[in-house]
Amino acid sequence: MSDRLLAGLNDQQLAAVTLPAQPALILAGAGSGKTRVLTTRIAWLIQTHQASPQGILAVTFTNKAAKEMVARISAMLPINTRGMWVGTFHGLCNRLLRAHHRDAGLPQTFQILDAADQLSAIKRLLKGSGIDDEKYPPRNVQLFINDAKEAGLRSGSVEVDDPYGRKLVELYAMYDAQCQREGVVDFSELLLRCYELLVRNEPVRQHYQERFGHILVDEFQDTNALQYRWLKLLAGSRSAIFAVGDDDQSIYAFRGANVGNMADFEREFRVQNVIRLEQNYRSHGNILDAANALIRHNARRLGKNLWTAEGTGEPVRVFEAGSDGLEAAWLVDEVRHLVADGLARREIAVLYRSNAQSRVIEHALFNAGIAYRVYGGLRFFERSEIKHALAYLRLIENPADDTAFLRVVNFPPRGIGARTLEQLQDAARAHAQSLYAAVGAVAGKAGANLAAFVRLIDSLRFDTASLPLAEIVEAVIDRSGLVAHYRADKDGLDRVENLEELVNAAAAFVAEEGYAQDAAAAQADAAAALPSPLAAFLSHASLEAGENQAAEGQDALQLMTVHAAKGLEFHSVFITGLEEGLFPHENSLQELDGLEEERRLMYVAITRARRRLYLSFAQSRMLHGQTRYGIRSRFIGELPEGCLKWLTPRLREATGVRVGEWRGERVQPAAAASLRAGQEKNGYRIGQTVRHARFGEGVIITLEGSGNDARARINFGAQGIKELLLAIAKLEAA
DNA sequence: CTACCAGTCCTTTTT
DNA sequence: GGACTGGTAG
């Protein structure tokens with residue numbers, strides 16, 4: 001039986017799957033069968049009776065990864081996976097907090113704020129306490145609070161020594177108090193509150209420490225400080241942490257991920273079992289050679305070298321375009337040939353560093369009539385009409401939720417304006433009440449409108465109390481006036497359809513979660529203090545924003561940022577916009593280890609390709625409504641020349657293309673003419689290559705001002721982009 | 001109270 | 001170039 005489970009694993013995979021119950025660190029390179037090892041490990045532990053499903057906790061970062069894990073385990077073992085705790089950090093913390101809400105100091109009906117809800121809660125706090133939001137931008141306050149929480153710090157423990165910082169700490173404390181009053185928690189609060197529960201409550205901690213003999217962590221390189229401490233606490237002294245990760249694919253330091261957790265884990269847990277999965281089952285040799293050569297330029301690595309049993313395959317193709325538009329035109333042409341040769345469009349990915357780059361490419365694809373799908377837009381539960389409907393549902397569940405209250409109190413419009421709400425907020429603050437509870441304090445016409453709104457919510461709560469979830473949602477979208485409002489709008493049809501889809505989503509949710517279908521069973525659930533289907537659905541909506549809007553299924557080209565491509569693979573991959581300042585991004589050069597993270601990002605991008613890889617860059621590009629002239633990314637220079645095949649001639653400089661030299665197979669030479677558009681100013685020209693005594697050779701990106709104030713922004717490649725005063729800087733034409 | 005226009009600001013992002 | 005915010009006019 002277990003022979004079949006383990007069949008086909010290579011030596012390292014087998015060693016990892018069958019490790020004893022001790023702390024283990026699996027360094028799993030791209031395409032090395034990481035998920036397979038993780039799921040087979042779980043199946044093997046259960047099948048060999050080393051663990052029961054109840055004794056297993058598996059943590060991932062995305063819902064998608066969690067679902068896939070459950071699906072693969074179910075396919076391997078004929079067991080009920082329900083007893084197993086497999087989920088995201090946030091999902092698992094939510095589960096724990098629901099079960100122990102009293103011990104955690106939360107109301108049973110606590111709601112989860114997503115990032116947008118949190119921001120609006122902060123804006124409301126600033127406004128309510130008369131704080132200048134120019135001096136304290138809500139976004140910065142949000143970052144400060146989340147950073148602190150993710151470092152495990154409450155407002156009382158954050159160390160600051162300047163007045164500005166002290167004010168931020170004060171705002172942090174006020175924000176937490178506001179959330180507590182309203183019965184809401186943000187994403188980082190889920191983790192911190194759960195961590196504190198385990199720290200303070202010994203019986204609860206011991207219960208879970210004893211229960212989970214095995215803790216398995218996916219994408220360990222992406223864990224932040226708090227997540228690591230949470231894992232450590234939950235593991236206690238007995239349970240075995242099986243951590244799988246790849247330091248070379250750590251691309252989320254900018255949002256608090258700490259690769260250092262891998263080394264800390266190794267040291268603090270005295271990990272004896274470090275296993276490297278280096279055989280890559282995805283890509284051909286040239287692609288892997290390119291990836292390996294690139295990543296060797298990073299200094300801080302645990303060390304790993306991917307290899308493949310497949311052949312070298314095709315060379316990596318490199319294309320230099322005159323402009324972003326020409327890069328897109330070339331790409332369209334190349335895609336056409338690939339498709340004509342029989343490759344499915346969904347097997348081709350176009351990757352870029354930042355979302356803004358997709359527009360030009362989309363434009364070209366659209367005009368060429370090539371079906372494409374852009375990842376990473378609005379997701380289902382983030383759409384405004386859906387958030388409105390959810391806000392009504394949240395008020396039914398928890399009337400103290402002021403964020404939800406403010407979102408829909410005048411939507412659809414019911415004659416309650418800013419003035420009225422100001423009065424209401426003053427009254428609520430004066431009596432330390434929720435907005436909902438304070439409506440009686442506003443008199444007159446406006447007060448009557450407010451009272452009518454509260455009556456609407458109350459009657460919805462009363463009338464739907466015993467209805468199935470889908471019918472509650474239906475009643476809400478109908479009686480709130482949302483559907484009628486969007487029907488009256490000539491562009492509202494999509495929104496009406498989405499609201500109807502929400503009813504379906506509710507029905508599907510109930511079916512999937514196996515909620516009690518009849519009244520008697522529902523009562524039993526209530527007696528067991530299980531959260532109501534509505535409460536569970538609201539958590540689900542916050543924790544899992546749902547699918548992307550783009551239609552799934554049809555055979556379309558895949559467009560996405562490099563970040564979004566992590567974990568995916570394609571037959572052919574285009575990495576576009578490989579220019580200094582863009583990839584690596586200029587902002588990263590100022591950050592500590594920023595360039596290394598950019599390089600890891602490039603590493604992730606390269607390793608997405610199975611068979612064919614294209615790299616492209618453009619000499620000029622429209623950015624922020626301005627033409628910028630860039631030079632080729634240093635990352636191209638870090639790849640072994642032997643793996644590459646240049647589709648365009650190699651040029652010494654970024655400028656000065658001679659049209660006649662273009663011999664790339666399918667390039668229109670005429671297009672190169674647009675290069676010389678640079679405007680002349682103070683004797684310099686945009687796009688001109690100049691030499692600086694300290695920074696070396698660079699390309700002029702912008703020219704501004706005149707006379708003594710004339711300035712130029714110059715891209716010096718590895719030295720970064722500098723703004724120089726032409727009157728002072730000694731520049732010579734190169 | 002709503003609708004429209006001007007000014008600002010722009011990496012990456014899951015939960 | 002475009003999304004979002006804030007101010008003002010109706």
Side-chain angles (χ1 to χ4, degrees), chain A residues 59-66 87-94 112-119 123 127 133-134 137-139 143 146 149-150 185-192 194 218-219 222-224 226-227 250-257 324 351-360 362-363 375-379 381-382 410-422 445-446 449 539-546 548 560-567 577 581-591 594 597-598 600-602 604-605 621-628:
Chain A
V59 203
T60 63
F61 275 86
T62 66
N63 293 297
K64 198 175 147 202
T88 61
F89 279 100
H90 297 84
L92 296 169
C93 286
N94 179 47
I112 301 166
L113 300 182
D114 68 15
D117 294 335
Q118 183 189 30
L119 188 63
K123 283 180 182 164
K127 204 165 278 168
D133 60 3
E134 300 259 301
R139 241 166 240 296
L143 269 172
N146 289 339
K149 288 189 181 183
E150 276 157 26
V185 299
D186 58 53
F187 284 138
S188 18
E189 182 71 23
L190 277 174
L191 274 147
L192 182 53
C194 186
D218 190 17
E219 307 277 17
D222 287 340
T223 50
N224 64 32
L226 180 58
Q227 287 160 340
S250 158
I251 55 174
Y252 286 112
F254 74 90
R255 66 170 195 218
D324 49 355
L351 308 184
Y352 34 81
R353 176 66 180 81
S354 66
N355 285 305
Q357 290 166 249
S358 78
R359 244 196 49 256
V360 186
E362 282 186 70
H363 185 74
Y375 277 72
L378 256 198
R379 296 185 311 170
F381 287 112
E382 291 169 354
N410 196 38
F411 196 92
R414 39 176 79 88
I416 301 168
R419 199 54 199 281
T420 308
L421 290 175
E422 231 162 82
K445 184 87 170 59
N449 288 341
S539 299
H540 167 80
S542 300
L543 290 173
E544 186 167 355
N548 249 316
M560 64 193 84
T561 63
V562 181
H563 283 92
K566 187 168 165 220
L582 201 56
F583 197 1
H585 198 277
E586 53 188 304
N587 295 1
S588 73
L589 301 177
Q590 274 106 67
E591 285 156 26
E597 177 142 321
E598 293 288 306
R600 291 193 292 269
L601 201 49
M602 180 69 181
V604 167
R621 179 176 298 277
M622 270 299 246
L623 211 61
H624 310 320
Q626 263 191 324
T627 305
R628 291 197 8 176

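By convention in this document, chain letters (A, B, ...) are assigned in the order of the sequence lines, proteins followed by strands, and residues within each chain are numbered from 1.
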Just how far, in rounded Å, is P of B:dA3 from CZ of A:F411?
11 Å
Check whether any side-chain N or O of A:R359 sits under 4.0 Å from OP1 or OP2 of C:dG1, and answer yes or no.
no
All N/O contacts under 3.5 Å from nucleotides 5-11 of chain B to the protein, with atom names and distances to one decimal?
unit_1	atom_1	unit_2	atom_2	d
B:dT11	O4'	A:H585	NE2	3.3
B:dT11	O4	A:E591	OE2	2.8

Quick one: label A:K64 by what it contacts on the DNA or RNA (base, sugar-phosphate, nothing), any heavy atom closer than 4.0 Å.
nothing
Looking only at side-chain atoms of A:H90, point me to the closest of B:dT15, C:dG2, B:dT13.
B:dT15
A:E362 atom CD is separated from C:dG2 atom C1', nearest whole Å, by 13 Å
OP1 or OP2 of B:dT14 less than 4.0 angstrom from a side-chain nitrogen or oxygen of A:N224, does that happen here?
no
Provide the distance between the two C1' atoms, one in B:dT12 and one in C:dT5, to the nearest whole Å.
23 Å
Just the rounded figure in Å: distance from P of C:dG2 to CG of A:L623.
13 Å
Please report, rounded to the nearest Å, how far the C1' atom of C:dA3 is from the CZ atom of A:R139.
12 Å
Residue closer to the 5' end of DNA chain B, A:N410 versus A:E544 (nearest nucleotide):
A:N410
What nucleic acid atoms does A:F89 come within less than 4.0 Å of, heavy atoms only: base, sugar-phosphate, or nothing?
nothing
Non-neighbouring partners of A:H540 that pass ring pair (Phe, Tyr, Trp, His ring centres under 6.0 Å), sequence neighbours left out:
A:F381, A:F509
Report the residues that fulfil ring pair (Phe, Tyr, Trp, His ring centres under 6.0 Å) with A:F89, sequence neighbours left out, ordered by chain and then residue number.
A:F61, A:W230
For the rings on A:H563 and A:F254, is their centre-to-centre separation under 6.0 Å?
yes
Could you give the CZ-to-P distance, from A:R600 to B:dT12, as a whole number of Å?
18 Å
Distance check needed: B:dT15 C1' versus A:H540 NE2, whole Å only.
13 Å
Reckon A:R379 has a side-chain N or O less than 4.0 Å from the OP1 or OP2 of B:dT15?
yes
Report yes if the side chains of A:V604 and A:K566 come closer than 4.5 Å at any heavy-atom pair, otherwise no.
yes
Between A:E150 and A:I416, the residue closer to the 5' end of DNA chain B by nearest nucleotide is A:I416
Measure CG/A:L191 against C1'/B:dT14 and give the value in whole Å, please.
12 Å
Rounded C1' spacing from C:dA3 to B:dT14 in Å:
22 Å
Does OP1 or OP2 of B:dT12 have a side-chain N or O of A:K566 closer than 4.0 Å?
no
